[in-house]
2 protein chains.
Amino acid sequence: MLHRPDPFDAKCPTRQVLDRIGDRWAVLILISLEQRTMRFNELRRRIEAISQKMLSQTLKSLERDGLVNRKVFATVPVTVEYSLTPLGRTLSQTVHALTLWAETHIGEVAQAQQRYDQGEAAPETATTPPR
Amino acid sequence: MLHRPDPFDAKCPTRQVLDRIGDRWAVLILISLEQRTMRFNELRRRIEAISQKMLSQTLKSLERDGLVNRKVFATVPVTVEYSLTPLGRTLSQTVHALTLWAETHIGEVAQAQQRYDQGEAAPETATTPPR
DNA sequence: CCTTCCAGTATCTAATGGGAACCAACATCC
DNA sequence: GGATGTTGGTTCCCATTAGATACTGGAAGG
């Protein structure tokens, strides 16, 4: 690697990874599987309001990225188990920090939103130029 | 608060925060402003391929969430400076861990993708039932 | 016999993102 | 003095996407 990866370059592969994280369903699947291995419809019930389409789609790309294992059992009807790979586990831990942030600071965010919404009519104070 | 916030509940406010992080442009703006205060078009040049529409839209919601400060200077033409709030700085640090993950593990992800793409025709080994 | 369950796929529509044009008021270039 | 570029946006239109719904097909339960 000649230069350090730059997520601001749209062609940089780190951007792809960032886009994967920038997928709410992927995040919710990762933190679900962090707790334990789950089957398709288990995940569906766990993650409220996700459609079957988005679940299978997101799982497929997570599997492609080597973050999730898909294991098929030849039962009738067929059983499919999803679990995190070691790589996926390192990511889910990082992502876990984000959910922790959300739980910790949700109150401050809500307050800020209230202030913003009621203060919309406030006049903009003209400030002196910066230079 | 009676119960612990549950990001799997679509109505839970932590889910809103998670959705905000699940916005690639928001992430890129946060890590840009982590380095220094920037003006509108500075950000636009920094973050390749972002449209003016998405930039102003994302900045607006980041401001509403109390993560970003917007400061207007009465110059001609008007000058607008964007910076992180203290709250925004705590988030950007958490998000920074994600970009670090991306930079560190991008190689493994790329390898997994290659394996997946070429091994698509491989037959699925029938496994014994789990129970 | 009808419904439910398993793990998805196919199809249609509603929401969203991106591209380009446009704004006003000035500064600079030729 | 007319064209161009700069500031920070907004508005419109279209393409992509997400979400809702329906369907598969065999087996078990009532």
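Lettering follows sequence order; numbering is per chain, from 1.
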ask   = How close or far is atom C1' of D/dG9 from atom CD of B/Glu81, stated in whole angstroms?
value = 17 Å
request  = Could you state the atom-to-atom distance from CZ of B/Phe73 to P of C/dC26 in whole Å?
outcome  = 20 Å
task = Between protein and nucleotides 8-21 of chain C, map the contacts as a letter string: B base, S sugar-phosphate only, - none, heavy atoms under 4.0 Å, written 5' to 3'.
result = BB-B-----BBB-B
query = Any side-chain heavy atom of B/Val68 within less than 4.5 Å of one from B/Thr85?
reply = no
key: Nearest-Å distance for atom pair CG/C1', residues B/Asn41 and D/dG9   = 9 Å
task = For A/Trp101, check side-chain hydrogen bond (donor to acceptor under 3.5 Å, both in side chains) against everything at least two apart and list the hits.
result = B/Thr90
Scan the side chains in residues 109-116 of chain B for donor-acceptor partners under 3.5 Å anywhere in the protein, sequence neighbours excluded, and list what turns up.
unit_1	atom_1	unit_2	atom_2	d
B/Gln113	NE2	A/Asp65	OD1	2.8

request  = Just jot down the salt bridge (charged side-chain N to carboxylate O under 4.0 Å, His left out) partners of A/Arg24, sequence neighbours excluded, or say none.
outcome  = B/Asp19
What N/O pairs connect the protein and nucleotides 24-30 of chain D at under 3.5 Å? Give each pair on its own line.
none

ask   = Heavy atoms, side chains only, cut-off 4.5 Å: are A/Thr79 and A/Val72 in contact?
value = no
inquiry  = Between A/Leu33 and A/Ser83, is there a side-chain heavy-atom distance shorter than 4.5 Å?
reply    = no
Gap between atoms NZ and C1', on A/Lys71 and C/dA7 respectively (whole Å) = 18 Å
inquiry  = Looking at C/dC6, I'd like to know if its phosphate oxygens (OP1 or OP2) sit under 4.0 Å from a side-chain N or O belonging to A/Arg45.
reply    = yes
inquiry  = Counting C-beta onward and ignoring hydrogens, is there a side-chain heavy-atom pair between B/Tyr82 and B/Met38 closer than 4.5 Å?
reply    = no
request  = Could you list the residues that satisfy salt bridge (charged side-chain N to carboxylate O under 4.0 Å, His left out) with A/Glu48, not counting sequence neighbours?
outcome  = none
ask   = In whole angstroms, how far is the P atom of C/dA7 from the CD atom of A/Glu42?
value = 8 Å
message = Within the 4.5 Å heavy-atom criterion, are B/Arg70 and B/Leu59 side-chain neighbours or not?
response = no
B/Arg44 CZ to D/dG9 P, straight-line distance once rounded to whole Å = 12 Å
ask   = Would you say A/Arg39 reaches C/dA7's phosphate, i.e. side-chain N/O to OP1/OP2 under 4.0 Å?
value = yes
